Amino acid sequence: MIVQENNRWMSVVARVAACVAMAALFTGCPPKRGNAVSGPGTARPVDPGTGYGQQPSGSDVGAFPREGVGGVDMPDGDSPSPLADVNFEYDSAALTPAAMEILQRHALWFKDHPGVRANLEGHCDERGTVEYNLALGEQRSRAVYDYLTSIGVPGTRLSTVSFGKERPLVMGSGEASWAKNRRVHFAISG
Amino acid sequence: MAATLMASAVGAQTSAPSGAASPPPAAGIARYSIEGTATRVAVPECVPRAGDEPAREACKTISEVLRKDLLFEEVTIVSDSLYKMLPPLKPDAPNFEDWKSVGAQVLVITKADVTAGVLNLELRLHHVASGDSMLARRLSNKADNPRYLAHQAADEILALANIRGVARSKIAFVSDRDQVKGKVAKEIYVMDYDGANPRRVTVNRSINMLPSWSPDGKAIAYISYRTGMPELFTAWIYEGRNTMFAAGKSGKVYAHSFSPDGKRMAYAFSPAAGKGSGDMDIWVANADGTQPQRLTETAASDTAPTWSPTGREIAFTRSLTIAAPQIYVMDSEGLNQRRVSTIGTWNDGPAWNPAKEFTEIAYTSRLDGGFEVAVLDLATGQTRQITQGRGNCEAPTWSPNGRHLAFCCENRGKWQIAVTDRMGRDIQILPTGPGDNKYPDWGPAATQ
């Protein structure tokens, strides 16, 4: 329904009426405070109307300027590594006996390769939310970190990170793919 | 709300405190509001200036977009089949008897011209029963974006119905559409709230995720793996600047959210390695990452912070054990941590409705092995399920006025962004474009 009110909407109508009174409709209405009236000649540093502001020349990304921080291509999948991944059960960051065996061999490799560092990349399968899987991947990488340091690998040579479900090793749904994607990958540097 | 009500053109400036009733205006001035969405509004075709071909084209878009915007907020629009038989509309002297005959209560007249590359739109609303003017505005913008003027007109009309329109709002999201084989590229994109005008924000060919708008709509904070580690950046999209969140340098940031006043950032943080890493905690810092303060210090994983509309509380996800995340709330100083999700064994990704009149939190719940969006009403403790049978859905985000929800769903291997009203009626997939499109964040229209 439409309500004729005594007080609430007078602002709009009063402004219009005022403009009519001075025969200046659409040209002379003062803007309401806090509500800029757009019109030709209205100076503005950015233009939410077109949405995307002024674009510096040379940009190749629509109207958004190129970002200051440049890009490095990130491989789609894991970097090659001399160390095998360790895998996890669904919804778990606990190390399986098989995972511990692998990590014991990895510890020896670290001993034979002084100065090499590893980033322990925790990954998850596609099930569950983004935040949950980031947390789970972080816990998986921490579990590997804890085990490796407990058997003598200096913590200074290890770092941990989670990719959650954002960078699966293999595509596809189903346990075969999921099992491969639930992993900690060893990204080697140095 | 503007504190000053302008009537100064006739020397009768009145003022009232913010939110207070205004004094009665001079006699003879009509005052109307549109109360409720049942009011029948006629939106006849936009009328271009005679012989103005660009205006004729723009008018087509304006009429279509304006009607869609009004329908989105559930305004009742008189079907054009009812008024096809009417004599042509004379925009400057409408015959209100015609419009009465088709049941219209409000008549929306739009007229357009394109002059020197500028599209001008006259917007007039009439109260059909009396013929009184309810609104008269002249809106102008670059001629290449008639959609924006239609959105602006819609928001003006909605304001008369006491609805803070979101027609000019934007949704940020993550898309892999630029990905080529062998190279990952999950980039931040921005689109209009209706899916139009998708634009790429990041260009770093890395994994970028979890975009989060600043409350003024000028910046998007997002997590990027461009250096190999998750770091928090803020893209000032209209300025072309990109800044790094200072407090993230000593570790990893996995989720984040601007406070309602834009001054602070809540975030989930884990140190680089060693003691304290592994279980994330919630921290709050200034928006640029200075003066970080830790709010949670448990062995649980705490993540996904979201602010209450007042900024006094923060909801987040706490996993006391793996595979059992639940939604918690605490004061923004970290006190009074308490669980609020009442049903389900697995709840994550809270999003607090930014409208103060709706005390509710949307989140993702594992139900029957799938993942569904649900809403928890904090006042009643009741939960309502929003999605069902659409594959796996997650990442709910509210429209700035709290009347709609967006989220992403995976169906047969493809992720798309969907929008629904806050009760979950009429779920629509947005025409987002190619690739997997995920993790929407619904931001405000940019303020100037």
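Within every chain, numbering begins at 1; the chains are lettered A, B, ... in the order of the sequence lines, protein sequences first and strands thereafter. Since we're looking at a predicted model, the values are computed, not measured.
Ranked by heavy-atom pairs under 4.5 Å with chain B, the list A/Gly122, A/Ala94, A/Ser159 is led by A/Ser159. Across A/Ala135, A/Ala93, A/Gly128, the residue that shares the most heavy-atom pairs under 4.5 angstrom with chain B is A/Gly128.
Remark: B/Asp348 engages no residue in a salt bridge (charged side-chain N to carboxylate O under 4.0 Å, His left out) (not counting sequence neighbours).
Exactly one residue among B/Tyr363, B/Tyr439, B/Trp346 makes a side-chain contact (heavy atoms from CB on, under 4.5 Å) with A/Thr129. That residue is B/Trp346.
Taken from CZ in A/Arg167 to OH in B/Tyr225, the straight-line distance is 9.5 Å, to the nearest 0.5 Å. One distance of note links CZ of B/Arg366 with CG of A/Asp91; it measures 5.0 Å at 0.5 Å rounding. Remark: B/Glu410 CD to A/Glu126 CD distance equals 6.0 Å, nearest 0.5 Å. If you take CE on B/Met280 and CD on A/Gln139, they are separated by 7.5 Å, rounding to the nearest 0.5 Å.
Residue contact with chain B, scored on non-hydrogen atoms closer than 4.5 Å, involves the backbone and the side chain of A/Arg127 alike. When heavy atoms are compared at a cutoff of 4.5 Å, A/Leu136 approaches chain B solely by way of its side chain, counted from C-beta outward. Within the 4.5 angstrom heavy-atom criterion, no atom of B/Met244 approaches chain A. With a threshold of 4.5 angstrom between heavy atoms, B/Thr303 approaches chain A through side-chain atoms but not through N, CA, C or O. Interface remark: B/Tyr254 contributes backbone and side-chain atoms alike to the contact with chain A (heavy atom separation under 4.5 Å). Using a 4.5 Å cut-off between heavy atoms, A/Thr156 does not touch chain B at all. In this structure, no portion of A/Ser141 lies under 4.5 Å from any heavy atom of chain B.
Taking both residues in full, the closest heavy atoms of A/Val161 and B/Pro230 are given as CG2-CD, 3.2 Å, listed atom of the first, atom of the second, then distance. B/Met209 approaches A/Val130 most closely through the heavy-atom pair SD-CG2, 4.4 Å. Residues B/Gly349 and A/Glu131 share a closest heavy-atom pair of CA-OE1, 4.0 Å.
Between B/Ile322 and A/Tyr132 there is a side-chain heavy-atom pair separated by less than 4.5 Å. Two residues are said to be in side-chain contact when any heavy atoms from C-beta on lie closer than 4.5 Å; A/Leu134 and B/Ile223 fail this criterion.
The closest side-chain donor-acceptor pair between B/Ser270 and A/Glu138 falls under 3.5 angstrom.
Within 6.0 Å of the CD atom in A/Glu89, the count of heavy atoms belonging to other residues, nucleotides or ligands does not exceed 12.
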Side chain to side chain contact (heavy atoms under 4.5 Å, CB included) between A/Glu166 and B/Val184, worked out: CA-CA 10 Å; A/Glu166 304 307 314; B/Val184 72; over 6 Å; no
